Amino acid sequence: MARAGDAASAAPEPASAPRAGRRLLDPRTLQEIGDLRLVARAVVEGFLAGQHRDPRPSEGSEFTQYRGYEPGDDLRRLDWRVYARADRFVVRESQGERDVTVRFLLDATRSMAHEETERTAPGGREAPPLRKFDVARFLVASLAYLVDRQGDRVALAAARDGGVEALGTGRAGRELLDGLEALERLEPSGDWPPLEAALARLAPRRRGRELVVVVSDLHERGEEIRRALAALLAFRHEVLVFRVVARNEVEFAFQGDLVFEDLESGRRVAGNAERMRRPSLAAREADEEAWRRFVLERGAGWERVVCDEPLDMALRGFLLRRGRLPR
Amino acid sequence: MTPPVSLLAEAPIGAGSIVAVWPWAAPGWLWALGAILLPILLHLFSRGRSRRVLVGTVSWLRPARALRGRRLRPSDPGLLALRVAALAGVAVALAQPGCPARAPEARVVSLVDPAVAGLLDAGDAAARRAWREFVAGAPAGEHPRWLIDGFRPADLGAEPAPGAARRSLGAAADDAARLPEPHLGSLLLEADRAEEHPGTRLRVLAVPRAAWIAPRATAAWAVGDEGIELPVLRHAVAWFRLADPRPNRWIERATRQAGRWRILEGWSDGAGLRFARREEPVLEGTAVRAGAPLAPPDAWPLDDAPAAPPQETPLAIAWAPAPGTPLAMRRAAEAAIAAAAGALDLAWTWSDPGPAGGVTAAAPETPIDVLVLAGWGAPPAMTPPGGPSAESPDRVAAPSARRAPSPGSSEEALRLADTVARAGGVALWIESPGEARWVPCDRPIRWRGVGGNPTEVRSTRCLAAPVEPPPEHAPSRPAGAPDAHPDEAARRGGRDALARWAFAREAAAAGAGAVASGALLERRAVGEGSIWRARWPFAVAPPDRSWAEVWPATAAALIDEVARRRGRLVDSVRASSDRRALALDQIPAEAAGPPDGAPTGTRPAAGSGGVPRERASDRRLEAAAWALAVACLLGERWRARRDAPAGGVAR
């Protein structure tokens with residue numbers, strides 16, 4: 001896990017992280033919450049509770065506009081004067097906070113439907129299967145919430161069914177909420193889009209660099225994901241790759257004679273799990289090492305998220321990467 | 001008689017290995033053990049239905065190379081063993097294994113044909129090999145027994161087959177075939193003892209010619225030679241007869257070939273003496289009591305036959321074999337008569353008049369009801385002097401007065417028969433098949449199968465006595481030529497009898513009929529009595545049927561006729577005869593009723609001064625008739641009262 005260049009390895013484990021906060025970062029706990037907005041808030045708040053420094057940037061000084069209060073807005077940003085005059089809640093927004101756009105590209109292909117073998121919830125109850133996609137969705141929601149809290153612009157997109165679709169309406173000020181609603185309804189399907197379709201959506205639309213967070217299992221038939229990442233880097237975007245892996249993949253925790261079926265291609269491989277464990281783990285390690293090297297050699301960030309592990313490591317890695325961005 | 005000492009010394013007493021044969025009540029269920037293959041196959045091939053796991057990619061999965069080989073190995077041997085054990089247990093339970101504790105109590109009786117001893121004495125190599133094999137198979141401590149005591153094989157040579165030169169027993173294999181059959185009495189004793197000890201195994205080393213184990217269950221048997229009266233068997237035992245010395249297919253199946261010898265093995269399980277079945281579910285030629293485990297479908301229902309009321313005065317049956325009659329024929333005839341009488345449940349006694357005529361024509365010492373004659377050559381009694389058509393057929397020729405009857409000739413037999421017949425008895429003349437000939441019949445003869453076999457065989461040929469040739473076969477004799485001696489006529493008529501007998505066997509083998517045995521009786525009235533002569537149209541009998549199986553029909557018919565003539569046991573005996581399916585349809589019409597002038601009541605017993613015999617059954621019948629009449633009368637009166645109107649005025 002600890003590798004050179006790995007953002008997560010660079011960040012020490014917060015020894016003072018409250019146990020409740022750690023528990024709230026558990027994907028299985030988040031799975032029971034269900035609502036992505038609550039999930040994102042719980043993750044971020046739980047994560048931030050253990051930080052020594054408030055990562056929130058200071059508010060901008062240049063007023064931009066007022067907008068109506070919406071649930072979830074920080075009450076400290078309410079303009080009480082306007083409330084005294086007009087008897088309505090408005091939030092004051094400042095220019096300069098939204099210079100950086102953090103674009104989340106979620107892999108929503110069928111391979112993300114890979115499930116964990118373990119189905120035991122923290123309370124000992126039997127929980128629905130935990131998919132890679134669920135963990136990736138929690139991660140995207142949490143990061144988006146964190147980004148929004150930091151005052152950056154959030155853009156959500158999902159790659160599936162041969163294209164990249166934007167999540168949410170894109171209205172100013174409601175990117176996060178609309179995006180989370182769309183993300184909650186999203187289900188994995190189809191394959192990773194070809195490069196042309198990906199570029200049509202990932203090409204920069206405004207000046208300035210973007211932070212593109214790719215959350216994927218990096219399973220590809222050809223090299224479509226590599227090409228997409230290379231294109232993003234060519235646009236001079238800052239790219240952070242979260243590779244979501246399942247515990248049963250990492251440990252090959254299968255038993256008996258099994259028939260493994262590829263979720264995307266439908267190809268089947270039959271064999272005895274015990275006999276397949278060693279060569280398959282070796283092949284998977286080689287595959288991951290190749291991906292990590294591919295990402296790091298191009299200046300992108302690399303983070304691995306195991307489905308059944310808390311998300312704080314991922315958040316920490318994100319913040320480290322986020323701090324490298326110019327403001 | 002004992003076997004040679006040298007050979008007995010070779011017997012590995014105590015060294016024989018006891019082959020533990022587990023007794024199974026239903027060994028057919030052991031085939032169910034094959035069902036254990038089912039869980040094994042399911043266990044092996046169910047591994048092909050592996051569980052499906054959906055994964056994101058299979059690109060880095062590396063299937064194991066030895067997957068197929070491993071699939072054929074059981075993954076859970078414990079579960080597989082449990083399933084196999086459960087199925088095997090069910091199969092074994094269904095097969096109902098016997099209690100192994102009874103095995104040490106099993107008793108083995110080894111019997112050896114005396115002919116074996118004769119051949120052993122003669123140094124026959126095959127006999128020695130068979131003997132060694134027989135002894136080697138004997139259990140520890142078991143001494144083989146000889147069937148006949150005090151009857152040395154050398155003595156058997158005194159009665160060779162007719163026409164055969166006397167030779168040493170061991171000189172030629174053919175002599176073995178002419179040896180008498182194993183002593184039935186001894187065998188009966190052993191079989192009876194075996195009945196008392198379930199699990200007894202009976203081993204017989206016999207010459208493959210005529211080894212028979214036991215007759216029917218209810219057949220009483222008395223050994224005339226030693227005067228030993230054997231008990232009636234309580235259970236039916238197997239009838240096992242090797243009638244033909246030639247290779248026989250069912251003998252091949254039922255016995256173990258040991259060179260030219262057969263070793264038979266049987267055991268008793270309480271339900272009867274049985275023989276080892278090798279391939280056939282029921283030995284062909286084996287008749288067992290109906291209802292027994294091994295009873296063939298056409299077994300005679302001996303137990304179901306209604307028992308006839310016992311006779312207070314037993315019938316006296318005299319057995320008069322001619323001098324020189326082959327011993328095998330004598331034994332067969334004795335067994336047949338005994339079986340027939342026993343099957344009819346008639347109390348009877350046995351008297352052997354002896355070859356010299358213990359029953360003399362002049363004054364028999366004991367009243368004889370039935371005289372059985374056999375082997376007396378051609379009976380001239382039916383031949384009227386001067387030719388077949390010269391006189392009335394009812395007239396029986398008197399014994400030749402021109403010269404004294406020579407011992408063993410048919411004339412002497414005729415004198416005996418005539419004496420018995422004139423005293424009111426019945427004489428049964430049994431001809432050997434070799435003395436008869438085939439002649440075309442003027443009408444088809446239907447023979448009904450024995451033993452419930454409904455097969456009917458139509459035959460247009462029958463065996464006729466040589467003294468009664470049909471006109472086309474009548475010996476051409478110039479007019480005025482002197483009559484040929486009856487024996488000469490018999491010899492002339494029997495020249496081609498063997499050939500025709502062979503033809504009959506071929507016809508039977510070709511399926512002319514399953515079993516069509518019967519007796520064609522012909523009766524000639526002689527004074528107050530009659531002489532019965534039996535023809536033997538048994539051409540349709542299979543080769544493995546012998547006289548002993550055929551003669552009971554005639555003997556039963558004889559006894560039936562005796563009883564009918566005397567007005568006794570008419571219904572019961574005839575019913576028994578019907579149950580036995582005796583083929584009596586072909587009895588000539590004159591045999592259906594009593595002969596003219598024959599007494600229907602009691603007859604004066606010979607030598608008793610003409611005092612009529614009082615029969616208890618007569619009194620019982622009379623009492624029963626009176627009781628029936630009274631019952632009918634009372635019944636009529638009761639019905640008249642019942643039908644009378646209530647309150648009516650009685651007339």
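Here the structure is a predicted model, which is why all the values come from computation and not from measurement. Each chain gets a letter, A, B and so on, in the order its sequence line appears, and its residues count up from 1.
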**OP:** Supply the atom-to-atom distance R267(A) CZ to S59(B) OG, rounded to the nearest 0.5 angstrom.
**Re:** 7.5 Å
Original post:
Taking atom CZ of R226(A) as the centre, does the number of heavy atoms from other residues, nucleotides or ligands within less than 6.0 Å exceed 12?
Top reply: yes
**OP:** Search all heavy atoms of F260(A) against all heavy atoms of V58(B) and return the closest pair with its distance.
**Re:** O-CG1, 3.9 Å
Original post:
Which residues satisfy the side-chain hydrogen bond (donor to acceptor under 3.5 Å, both in side chains) test with R277(A), sequence neighbours excluded?
Top reply: none
Subject >> Residue that, paired with H114(A), satisfies side-chain contact (heavy atoms from CB on, under 4.5 Å) out of V55(B), V53(B), L54(B) >> reply: V55(B)
Original post:
How would you list, by chain and number, every residue that makes a salt bridge (Lys or Arg N to Asp or Glu O under 4.0 Å) with R268(A), sequence neighbours excluded?
Top reply: E261(A)
Original post:
Which heavy atom of G56(B) sits nearest a heavy atom of D262(A), and at what distance?
Top reply: O-OD1, 2.9 Å
Original post:
Taking only residues two or more places apart in sequence, or in another chain, which ones meet E187(A) in a side-chain hydrogen bond (donor to acceptor under 3.5 Å, both in side chains)?
Top reply: R131(A)
Original post:
When only heavy atoms count and the cut-off is under 4.5 Å, which of residues 244-254 of chain A reach chain B?
Top reply: E249(A), F252(A), F254(A)
**OP:** Mind ranking S111(A), A283(A), S280(A) by heavy-atom pairs under 4.5 Å with chain B and telling me who comes out on top?
**Re:** S280(A)
